[in-house]
Amino acid sequence: MASGVEQDKSLQSICYKRGSLQLLDQRKLPLETIYLEIRHTKDGWTAIRDMVVRGAPAIAIAAALSLAVEASNLGAFNGTSDDAASFLSNKLEYLISSRPTAVNLSDAATKLKDIIQKAASNASEAQTVFQAYIKAAEVMLEDDVASNKAIGSYGARFLQKQHNDSEKLSILTHCNTGSLATAGYGTALGVIRALHADGVLGRAFCTETRPFNQGSRLTAFELVHDNIPATLIADSAAAALMKTGKVNAVIVGADRVAANGDTANKIGTYSLALCAVHHGIPFYVAAPLTSIDLSLSSGQEIVIEERSAKELLNARGGLGEQVAASGISVWNPAFDITPANIISGIITEKVVITKDGSDSFDIKSFILKVLSKE
Ligand code: MRU
């Protein structure tokens with residue numbers, strides 16, 4: 001990964017044009033805006049593992065595009081279309097291993113592998129397969145922003161319908177689910193952006209999101225950038241804030257949603273959902289359909305990534321000076337599972353999935369219903 005390409009301050013985490021990919025180094029935000037040049041899948045894998053780029057949709061797109069730039073700049077390739085397909089499929093497998101919990105990356109890889117296989121069976125030239133791959137990865141980048149805007153508008157409309165009094169809505173969110181975590185606009189933060197654009201947002205509250213501080217560094221940065229009225233709270237202040245009555249709804253993103261609606265998201269999400277239930281506050285997940293994993297019947301099957309002890313032992317999510325006592329052992333799961341029974345609804349780009357009184361969601365039926373209307 002080559003470093004040090006300075007660009008204007010921006011909320012764009014992924015800068016791509018054919019043959020060239022730069023990722024905003026989110027570890028340096030909010031103090032520095034530095035883009036790193038990504039030349040091939042190894043650079044992409046390292047950038048994802050080391051949190052240069054993070055957030056489920058952004059990880060998937062950055063991974064896909066890191067292989068697209070490698071394919072664009074490959075030069076001569078001695079092999080058939082089948083060889084090209086195997087080359088690309090192996091690289092996709094490697095990219096999936098960078099971070100296991102977010103399903104968007106493996107979902108993207110599966111879709112891309114299908115496209116590669118089809119291209120290989122219809123052509124004998126390797127270049128045709130590479131071009132089909134590059135085009136498909138580029139479409140993923142374009143589609144993500146449109147999908148986030150749809151999540152924002154469905155979510156904002158739904159919340160306004162639920163909340164039929166004249167007061168503006170104040171929303172608590174966790175982690176960073178905004179422009180930086182996606183190709184642009186964001187999911188849960190996209191709903192907040194849409195409420196603000198509609199003139200009905202009272203205030204956004206964002207948690208610090210320890211230990212990596214995606215909330216205080218990234219979400220706060222986006223909210224200030226967009227002039228959205230917002231307040232930062234310590235993670236441990238969430239219950240006290242809810243008790244004041246100042247929060248109308250909690251909205252978070254997702255890394256993986258099982259078929260029954262159990263949701264893996266940033267560590268601390270489960271605590272927020274429990275607090276929300278206690279205070280009678282609705283708790284929503286906002287995520288694209290690519291975050292839903294219908295192959296898993298419940299959240300118990302979701303593999304939770306554990307990260308380095310250093311994230312807790314040292315300041316700035318492991319990048320700064322030591323703050324914890326030497327010798328202490330550490331448990332640092334990056335995500336937790338919020339059970340479906342305490343989730344009020346799942347806001348997607350096609351539909352808001354609700355439960356109709358039962359304890360879990362029937363996501364498959366919702367999706368089939370939507371697809372049958374298209
Ligand atoms: O460890 P991170 O920063 O990748 O975790 C991100 C989250 O948990 C987000 O809430 C989730 O990926 C949704 S991003 C639109």
Side-chain angles (χ1 to χ4, degrees), residues 11 13-14 23-27 29 47-63 98-108 144-145 147-152 155 172-193 206-219 221-222 235 250-257 263-273 283-293 299 302-308 311-312 317-319 332-338 343 346-349:
L11 293 183
S13 64
I14 299 170
L23 296 178
L24 177 58
D25 189 347
Q26 298 189 30
R27 300 167 304 182
L29 289 174
I48 294 167
R49 198 254 339 253
D50 293 350
M51 308 285 275
V52 168
V53 62
R54 28 66 48 204
I59 289 171
I61 295 161
S98 55
R99 289 190 77 192
T101 304
V103 70
N104 309 58
L105 174 49
S106 52
D107 178 75
D144 190 55
V145 180
S147 140
N148 293 335
K149 291 209 164 140
I151 291 173
L172 172 63
T173 191
H174 188 52
C175 197
N176 173 263
T177 61
S179 201
L180 296 165
T182 61
Y185 200 72
T187 56
L189 199 46
V191 177
I192 290 172
R193 283 198 158 97
C206 65
T207 59
E208 279 185 294
T209 320
R210 286 201 35 81
F212 211 71
N213 291 93
Q214 288 94 331
S216 53
R217 292 188 305 103
L218 309 177
T219 301
F221 179 62
E222 292 201 34
D235 297 348
V250 180
I251 312 181
V252 299
D255 285 85
R256 195 181 287 249
V257 181
T263 296
N265 192 50
K266 179 53 54 195
I267 191 73
T269 302
Y270 178 36
S271 312
L272 290 179
F283 179 93
Y284 297 102
V285 169
L289 292 173
T290 50
S291 297
I292 295 172
D293 185 351
I302 299 176
V303 176
I304 298 292
E305 171 190 359
E306 282 196 34
R307 294 193 61 87
S308 157
E311 289 187 355
L312 268 80
L319 303 170
N332 183 22
F335 306 100
D336 57 26
I337 309 287
T338 300
I343 298 173
I346 301 171
I347 303 162
T348 75
E349 70 274 37

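Numbering of ligands and ligand atoms starts at 1, following listing order.
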**Student:** What do you reckon, does Arg54 have a nitrogen or oxygen under 3.5 Å from a nitrogen or oxygen of ligand 1?
**Tutor:**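 For ligand 1, there is an N or O atom that lies under 3.5 Å from one belonging to Arg54.
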**Student:** Would you say ligand 1 has an N or O under 3.5 Å from any N or O of Ile59?
**Tutor:**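 There is no such contact.
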**Student:** Suppose I only count heavy atoms of Arg99 and a 4.0 Å limit; which atoms of ligand 1 are within that range?
**Tutor:**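 Matching atoms, with element in brackets: 1 (O), 2 (P), 4 (O).
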**Student:** Answer yes or no: is there a donor N or O on one side and an acceptor on the other, between the side chain of Gln26 and the main chain of Met51, under 3.5 Å?
**Tutor:**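 Looks like no, no N/O pair under 3.5 Å.
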**Student:** With heavy atoms of Ala56 as the reference, note each atom of ligand 1 found under 4.0 Å away.
**Tutor:**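 Counting atoms of ligand 1 from 1, those under 4.0 Å from Ala56 are 12 (O), 14 (S).
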**Student:** Show the atoms of ligand 1 that are less than 4.0 angstrom away from any heavy atom in Asn265.
**Tutor:**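 The atoms of ligand 1 under 4.0 Å from a heavy atom of Asn265 are 7 (C), 8 (O), 9 (C), 10 (O), 11 (C).
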**Student:** Would you call Arg256 and Asp293 a salt bridge, using N to O less than 4.0 angstrom?
**Tutor:**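 Looking at Arg256 and Asp293, the cut-off is met.
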**Student:** Distance to 0.1 Å, residue and atom name: give those for the protein heavy atom nearest to atom 13 (C) of ligand 1.
**Tutor:**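 Protein heavy atom at minimum distance: Ala254 O, 3.5 Å.
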**Student:** Record the part of Thr177 in heavy-atom contact with ligand 1 below 4.0 Å; permitted values are side chain, backbone, both and neither.
**Tutor:**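 Within the 4.0 Å criterion, Thr177 contacts ligand 1 through backbone and side-chain atoms alike.
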**Student:** Does Phe212 reach ligand 1, in the sense of a heavy atom lying below 4.0 Å from it?
**Tutor:**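 For ligand 1, residue contact (heavy atoms, under 4.0 Å) with Phe212 is absent.
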**Student:** Report, in ascending order of atom number, the atoms of ligand 1 lying under 4.0 Å from any heavy atom of Asp255.
**Tutor:**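 Reading through ligand 1 atom by atom, the close ones are 7 (C), 8 (O), 9 (C), 11 (C), 12 (O).
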**Student:** Nearest protein heavy-atom contact for atom 5 (O) of ligand 1: which residue, which atom, what distance?
**Tutor:**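 For atom 5 (O) of ligand 1, the nearest protein heavy atom comes out as Lys266 CE, 3.3 Å.
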**Student:** Determine, using heavy atoms of Ala102 and all atoms of ligand 1, whether some pair is separated by less than 4.0 Å.
**Tutor:**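 Not so, Ala102 does not reach ligand 1.
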**Student:** I'd like to know if the side chain of Asp235 and the backbone of Arg210 have a donor-acceptor N/O pair within less than 3.5 Å.
**Tutor:**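 Yes, because the side chain of Asp235 sits within donor-acceptor range (under 3.5 Å) of the backbone of Arg210.
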**Student:** Counting N and O atoms only, with roles assigned by atom type, does the side chain of Thr101 sit under 3.5 Å from a partner on the main chain of Glu305, one being a donor and the other an acceptor?
**Tutor:**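 Judged by distance alone, yes, a pair lies under 3.5 Å.
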**Student:** Using modelled atom types and a 3.5 Å cut-off, is there a donor and acceptor pairing between side-chain atoms of Thr177 and backbone atoms of Gly253?
**Tutor:**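 Such a contact is absent between Thr177 side chain and Gly253 backbone.
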**Student:** Can you tell me if Ala334 has a non-hydrogen atom under 4.0 Å from ligand 1?
**Tutor:**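 No heavy atom of Ala334 comes that close to ligand 1.
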**Student:** Do any heavy atoms of Glu305 fall under 4.0 Å from ligand 1?
**Tutor:**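 No; Glu305 lies far enough from ligand 1 that no heavy-atom distance drops under 4.0 Å.
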**Student:** Would you check if the side chain of His174 reaches a backbone N or O of Ile267 as a donor-acceptor pair within less than 3.5 Å?
**Tutor:**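 Yes: the side chain of His174 pairs with the backbone of Ile267.
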**Student:** Are any side-chain N or O atoms of Ser179 and backbone N or O atoms of Gly184, one a donor and one an acceptor, separated by less than 3.5 Å?
**Tutor:**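 Not at all, since once roles are kept as given, no pair shorter than 3.5 Å links the two residues.
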**Student:** Out of Leu218, Leu180, Thr187, Ile151, whose heavy atom sits nearest atom 15 (C) of ligand 1?
**Tutor:**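 When every heavy atom of Leu218, Leu180, Thr187, Ile151 is considered, Thr187 comes closest to atom 15 (C) of ligand 1.
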**Student:** State the atoms of ligand 1, each with its element, that fall below the 4.0 Å cut-off from a heavy-atom position in Gln214.
**Tutor:**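 Taking each heavy atom of Gln214 in turn, ligand 1 has 1 (O), 2 (P), 3 (O) under 4.0 Å.
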**Student:** Dump the intermediate steps for side chain to side chain contact (heavy atoms under 4.5 Å, CB included) on Thr269 and Phe283, then the final yes or no.
**Tutor:** CA-CA 10 Å; Thr269 302; Phe283 179 93; 3.7 Å; yes
**Student:** Would a distance-only check, ignoring hydrogens and angles, find a side-chain to backbone donor-acceptor pair under 3.5 Å from Glu349 to Lys149?
**Tutor:**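 Between the backbone of Lys149 and the side chain of Glu349 there is no qualifying donor-acceptor contact (under 3.5 Å).
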**Student:** Report yes or no: does Arg307 contribute a side-chain atom to a donor-acceptor pair with the main-chain N or O of Asn332 at less than 3.5 Å?
**Tutor:**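 Here the side-chain-to-backbone pair does not exist.
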